[in-house]
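Per chain, numbering begins at 1; letters A, B, ... match sequence-line order.
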Protein chains: 2
Amino acid sequence: MDTNFDKKNFINNFKKNCKKVQIKKFAKGETVTTYIEKRNQICIILSGEVDLIRYDVNGNKTIIGHFAENDIFGEVFYPANTNNELFVTAAKKSEILFFTYNTLLDECKYDCNFHSELITNLSELFIDEIIDLNLRIELLTKRTIRDKLLAYFDILSKGSLNKIFTMPYNYTDLADFFSVDRSALMREVKLLIDEGFIKKDGRKITLLY
Amino acid sequence: MDTNFDKKNFINNFKKNCKKVQIKKFAKGETVTTYIEKRNQICIILSGEVDLIRYDVNGNKTIIGHFAENDIFGEVFYPANTNNELFVTAAKKSEILFFTYNTLLDECKYDCNFHSELITNLSELFIDEIIDLNLRIELLTKRTIRDKLLAYFDILSKGSLNKIFTMPYNYTDLADFFSVDRSALMREVKLLIDEGFIKKDGRKITLLY
DNA sequence: ACATTTTTGTTGCAATTGCAACAGATTTCT
DNA sequence: AGAAATCTGTTGCAATTGCAACAAAAATGT
């Protein structure tokens, strides 16, 4: 968003002023929550990082989402009738704010003078989340791994205003994020290097075009 | 959403009570809007259907999104620095409500007693949109065309509470939606029929398992 | 500091998918 | 009703990707 909305500040206010939120801490690897029953739960990450993971019937793991500080996630954003087991695990030591969307709309209205500001700012978080999801879809709909990589590099490069940038994912997670085979991803990265399009040093990528 | 939120009713109220909205009509095939400059524009479909389309540098067309009555879309949901030309065309004769998110937050606050209700209900639309996007990602991250089809059929079947249902897309558009080659999609559909998993009559699918 | 776990890098081969092309069916337009 | 446009169904072949497997490197835990 190109607004001057201060996300961090809002989340802090939320945490302090709203009596309906819970805050919990998680060690790396701990399960934060599972999306099984529909509780309209929404979570905001105060610190740390989490992965939203799906295991399908064949046991294939896919990282459906990766969330970091100030990001919002929760089973309220998922259709009720899904087949898969979704769960969220802490990728790092994390502190997470929990609340129930319906509670916020119904009860909170009456005893919380922060309410109006809350809903407005929550909308901003929703919009940010929609932007993230659209970005992901943008990448997933690219036809080849090469196109996914180039589009992703482009985003990171534009974001850092630099031809040199460091990817937030390692290659294993990047393959999950693209939903492609890791070895196929590595092969394509190598081809991009061999053909002179990029240079690579770990997660640090340099665009040569 | 499993709330009793009446989307249609809200949108009607919005249309009637808010002075900041514009309503325009489009014939099939007309361009509704393009996502070029960042105007924080949000649109809601009053009637009809639209496609959000991307043409990449090679001229490949992808349907990034398809929106129908009561759905929300707009360039506010897309990152500002994208490379692609996105535009929205009317798939059917459509009537569309336009507004600017920032205007709503800033100006509207003071002269519109409908404001608080508006923002709350808008949040519901945002959540619905997030659910749709997550559903799409769910499908796009399936490894094979077969898995995409089976997952999609599953959703449609659960939605209609029936093993028999009619797809909202034709096969050309379905291929776009999955971001796969149309002939490869047809081939896989045929295999599912030959192997006895499904029956098909045009867009009407019967699950045999 | 050392053992253990995770990630990287690589390869051959098989499976899946994309591409191109075209005929027939269906839908849309006038 | 007839013409034009779009969609369906199909195929051979090439390109891309997934799978399996393993060694080396790096990161993590105690």
Side-chain angles (χ1 to χ4, degrees), chain A residues 27-30 49 51 53 56 58-63 66 89-93 139-150 166-195 198-205, chain B residues 27-30 49 51 53 56 58-63 66 89-93 139-150 166-195 198-205:
Chain A
K28 179 176 175 177
E30 266 192 286
E49 292 175 25
D51 289 317
I53 293 167
D56 67 18
N58 306 317
N60 287 316
K61 173 187 165 188
T62 311
I63 296 185
H66 179 87
T89 56
K92 295 184 178 173
K93 183 181 161 189
L139 295 175
L140 287 172
T141 55
K142 297 287 179 186
R143 280 156 191 69
T144 61
I145 294 178
R146 170 167 297 214
D147 286 344
K148 288 179 170 71
L149 279 169
L150 292 178
T166 300
M167 296 193 293
Y169 292 119
N170 65 40
Y171 292 91
T172 303
D173 288 346
L174 187 62
D176 270 340
F177 181 67
F178 287 167
S179 197
V180 300
D181 182 72
R182 186 190 60 82
S183 68
L185 176 76
M186 299 300 289
R187 182 163 40 205
E188 203 59 40
V189 169
K190 188 165 183 298
L191 282 175
L192 285 173
I193 295 168
D194 291 350
E195 294 172 24
I198 63 168
K199 276 199 301 188
K200 140 175 193 296
D201 172 23
R203 296 184 195 182
K204 195 175 93 183
I205 301 291
Chain B
K28 179 176 174 176
E30 267 192 287
E49 290 174 26
D51 288 317
I53 293 167
D56 67 18
N58 306 317
N60 288 316
K61 173 187 164 186
T62 309
I63 295 185
H66 178 87
T89 56
K92 296 183 178 173
K93 184 181 158 188
L139 295 175
L140 287 172
T141 54
K142 296 288 179 185
R143 278 156 193 70
T144 61
I145 294 178
R146 169 167 300 214
D147 287 344
K148 287 179 171 71
L149 278 168
L150 292 177
T166 301
M167 294 193 294
Y169 292 119
N170 64 39
Y171 290 91
T172 303
D173 288 347
L174 186 63
D176 270 340
F177 181 66
F178 286 168
S179 197
V180 299
D181 182 73
R182 187 190 59 83
S183 68
L185 176 75
M186 299 300 289
R187 183 163 41 204
E188 203 57 40
V189 169
K190 188 164 183 297
L191 281 175
L192 285 173
I193 294 168
D194 292 350
E195 293 172 26
I198 63 167
K199 275 200 302 189
K200 141 173 191 297
D201 173 22
R203 296 186 196 182
K204 196 174 91 183
I205 301 290

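Among the protein residues, B:Lys148 comes within range of no part of the nucleic acid, since none of its heavy atoms lies under 4.0 Å from any strand. Residue B:Arg146 is classed as having no contact, given no heavy-atom separation below 4.0 Å to the nucleic acid. Across all strands, A:Lys28 comes closer than 4.0 Å to no nucleic acid atom at all (heavy-atom distances).
Atom OG1 of A:Thr89 sits about 10.5 Å away from atom CD of A:Glu30, to the nearest 0.5 Å. Expressed to the nearest 0.5 Å, how far CD1 of A:Ile198 lies from NZ of A:Lys204 amounts to 13.0 Å. The NZ atom of B:Lys93 lies 14.0 Å from the CD atom of B:Glu49; values are rounded to the nearest 0.5 Å.
Annotation: B:His66 is in aromatic contact with B:Tyr169 [ring centroid separation under 6.0 Å].
We find that NZ of A:Lys200 is positioned 7 Å from C1' of C:dT8, with the value rounded to whole Å. If you measure from atom CG of A:Leu192 to atom P of D:dT16, you get 12 Å, rounded to the nearest angstrom. The nearest whole Å value for the distance from the CD1 atom in B:Ile193 to the C1' atom in D:dT10 is 13 Å. Whole-Å rounding puts the A:Leu185 CG to C:dG9 C1' distance at 12 Å. At whole-Å resolution of the value, CG in A:Asp147 and P in D:dA15 are 16 Å apart. Here the P atom of nucleotide C:dT17 and the CD1 atom of A:Ile145 are 13 Å apart, to the nearest Å. The distance between atom NZ of A:Lys92 and atom C1' of D:dG29, rounded to the nearest whole Å, is 17 Å. The separation between B:Lys190 atom NZ and D:dG12 atom P is 11 Å, rounded to whole Å.
OP1 or OP2 of D:dT8 has at least one side-chain nitrogen or oxygen of B:Thr172 nearer than 4.0 Å.
For A:Arg182 against C:dG9, a side-chain-to-base donor-acceptor contact under 3.5 Å is present.
With DNA chain C read from its 5' end, the first of the two nearest nucleotides for A:Arg203 and A:Ala184 is the one closest to A:Arg203. Residue order along DNA chain D, read from the 5' end via each residue's closest nucleotide, puts B:Asn170 first among B:Arg187 and B:Asn170.
Residues B:Leu149 and B:Leu185 form a side-chain contact, since some pair of their non-hydrogen atoms from C-beta on lies under 4.5 Å apart.
Of all nucleotides listed (D:dG18, D:dT11, D:dT8), D:dT11 comes nearest to the side chain of B:Ser183.
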